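This report concerns only the one structure given below.
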Amino acid sequence: MKGALAFALLAATTIAMCGDVHAAQPRRPALAANAALVAQGRQAFELNCAACHGKGPSEGRVPLLPGTYALSLKYKGDIPAALEDRTDLTPEFIVAIVRNGVFSMPPLRKTDVSDEELKAIAAYLRDSSKRPGGPIRTGPNKVGGREDN
Amino acid sequence: MTILPPNVSAEQFASAMRAFEAAVGKEWLLSSEIDIAGYRDPWSMVRDKPGELLPSAAVAPASVDQVQAVVRVANEFKIPLYAVSTGKNYSYGGPAPNVRGSVIVDLKRMKKILEIDGDRHFALVEPGVTYFDLYREIQARGLKLMIDNPDPAWGSPSGNSLDRGVGYTMGPYRDHASSTCGLEVVLANGEVMRTGMGALPGAKTWQEYRHGFGPDPAGLFFQGNFGIVTKIGVRLMPLPEHYRTGKITVPRRQDLHGLVRTVNYLADLFMIGEPVFSSPLHPLMKNSEFVAEATRQGAFNDEKLDQMAAAAKLPFYQVELQFYGSEGTTKANWDYAQQLAVRNVPGARALEGVSFPMPLTREQIMDKNPPYGESAIRRYAAVAVPNLTTFDFIGRHVENPDDYVHLHYGMFTIVPRSAEAVFQVQRAWVDLVHEEGATLVTEQTPRPSVLTMPLQWHQTCFFMWAGFPLQAEGRPMSEALARMLELVLDVNAKNGWCEYRAEPLMQDKVAEYYGFNNHVLRRFNEALKDAVDPNGILSPGRGGIWPKAFRSLRGKVGV
């Protein structure tokens, strides 16, 4: 249910982003709210997901992002392997996978990542999927916005 | 339907839940179906079976005060607790308790890094701090420190050390339990105790001298159930200026004696980090004639095996050495290692590895042209950058495209640090396969053979690894797997070997083998347990230690 609310919130935000210029007053806070949610989601993704599901190459030797690699084997290119490129990840689906785990991925608990953070991750993935060809944005060992190994 | 703890009525449990809620807040009493899903062991042999080690609920305190309050509630209602720090420890049971119906005390919300000292080389952390967290904080502060993380590194220094986990750098740091210094513990009666110098008010040396004065009970909290650890001191290695590797090969099987002697000497002089033993003969395992010799029942024919290795122009065994220090000292130590190896094993050869200033760049870790093909995963571990790359092997991969079979179940047998012991294990496990049809996987080989090699995660002993295939769906392997585990435990015990660590389902079995003098060690531990935890509320059964209130459950975990 909370996931559905998040989706509704996102949809409303998207509409606000696309709204006409006369809606200047309501549009500003909506933009700010969405940007904040996406930023929060990016940080939560980086802390909880990127070590397995980050976007990046396998560097020609070993796949150092096991989740991304596993999904590349599973989907064989039909669906993007990197979650940040996926357009089909609904908040409900994210909650179901994260809270129950799947195959080799164990579940994450509310003490790992909160329901609010899952909503934010959904917002971030929705945002990042708009730029699938973009640069690598997250990494498990990033510190203060810079890549560190 | 809620699973109740043993001997607790639904009414009592409901009262306890209200009291837990008052202790930690409504949000952090976790008992819905989806909450409980997070505290199941995904790889349990008894998952979805009647004996699955499911908790009744979880509580997530955010402070020491709240942990104390939780313990007091548990005492009042006789509720067994099971404390986890980050609740990973997968393949050792994950967050699942020994006693079905226990309440999990999830400490992940306690995630303060209380201190990091870049000059005296230690950190003081709460249980919910992960290796990733500590690494990021060290980097953010620009400190010249290196953590020794396990693989995968998603767990915590607290949890991993308390279960005696291991790492991959210099000897004293690889043994995570031994590299701790100072604990804060909430005891079963709710009191807070500090070990070592933490007991001295005003002391500034809590993370610098672990023993304090008099008997040091810190060891009771490792693989034990005498308290809930709420702070832990961790000794950290200073970041060396330089990292270097080199490989020594030896031509014949019996040359392993000299090679191990060489490595032991270098390791105990702290001249090398983790030595990685292996054999270059793996390609020959595609040759049925070699396989027949390498897995021969009863006795190996070393002369013939040596001839086959020589015909293939391959050495029999090898070890990769890691050096940490300055560029000059790593070079001098590597030169000395080569001299010593040749002195101990005529015919030993040396292969130059890599030589990088530290910290390594991403490109250096990922080195696309490693001198002798070592993996980037190895290098990640050796230079202690946290990662989860181990799931490349135990999850979905090219040889396991449906993610159906998990090689995520293994036993690590403690054996002497000698070639003789390695050969004895090879002999015992090869014969086990022949005699019992055991389906073991061993270090770097798909079945026990003369290529089964030791791990030296602990500096002072060898671990010999036996792994077992565990299927994710349907779990038809579970019964067979349990039988395999028991077969290996039994044959090991006959040779004076046993496990260093086990999941709840196996802890009673393993503890049974540590039975010197009519189990006096277990009786001593249980006498202490009954004295300090009279209601037996703290992780009953953990480490094979059963308090009086739950002792009838010994040997029945998972049944």
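As the structure is a computational prediction, the values presented were derived from the model and not from experiment. By convention in this document, chain letters (A, B, ...) are assigned in the order of the sequence lines, proteins followed by strands, and residues within each chain are numbered from 1.
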### Message
Just to verify, what does B:Ser102 make a side-chain hydrogen bond (donor to acceptor under 3.5 Å, both in side chains) with, not counting sequence neighbours?
### Response
none

### Task
Among residues two or more places apart or on two chains, list those pairs meeting salt bridge (Lys or Arg N to Asp or Glu O under 4.0 Å) that have a residue in residues 94-107 of chain A.
A:Arg99-A:Asp115

### Query
Any side-chain donor paired with an acceptor under 3.5 Å for A:Glu84 and A:Tyr124?
yes

#### Entry: Region of A:Leu108 that comes under 4.5 Å of a non-hydrogen atom in chain B
side chain

### Task
Can you measure from CG (B:Leu360) to NE2 (B:His242) and round to the nearest 0.5 angstrom?
9.0 Å

### Message
With chain B as the partner, which of A:Thr111, A:Asn100, A:Leu47, A:Val98 has the greatest number of non-hydrogen pairs under 4.5 Å?
### Response
A:Thr111

### Task
With a 4.5 angstrom heavy-atom cut-off, could you sort out which part of B:Thr130 is near chain A: side chain, backbone, both or neither?
neither

### Query
Which answer fits B:Ile34, side chain, backbone, both or neither, if we ask what part of it has an atom under 4.5 Å from a heavy atom of chain A?
both

### Query
Among B:Gly128, B:Gly87, B:Ala60, which has the most heavy-atom pairs under 4.5 Å with chain A?
B:Gly87

### Query
Once the angle between the rings of B:Tyr90 and B:Trp43 is folded into 0 to 90°, is it parallel (under 30°), tilted (30 to 60°) or perpendicular (over 60°)?
perpendicular

### Greatest number of heavy atom pairs closer than 4.5 Å to chain A - which of B:Ala37, B:Ala153, B:Gly94
B:Ala37

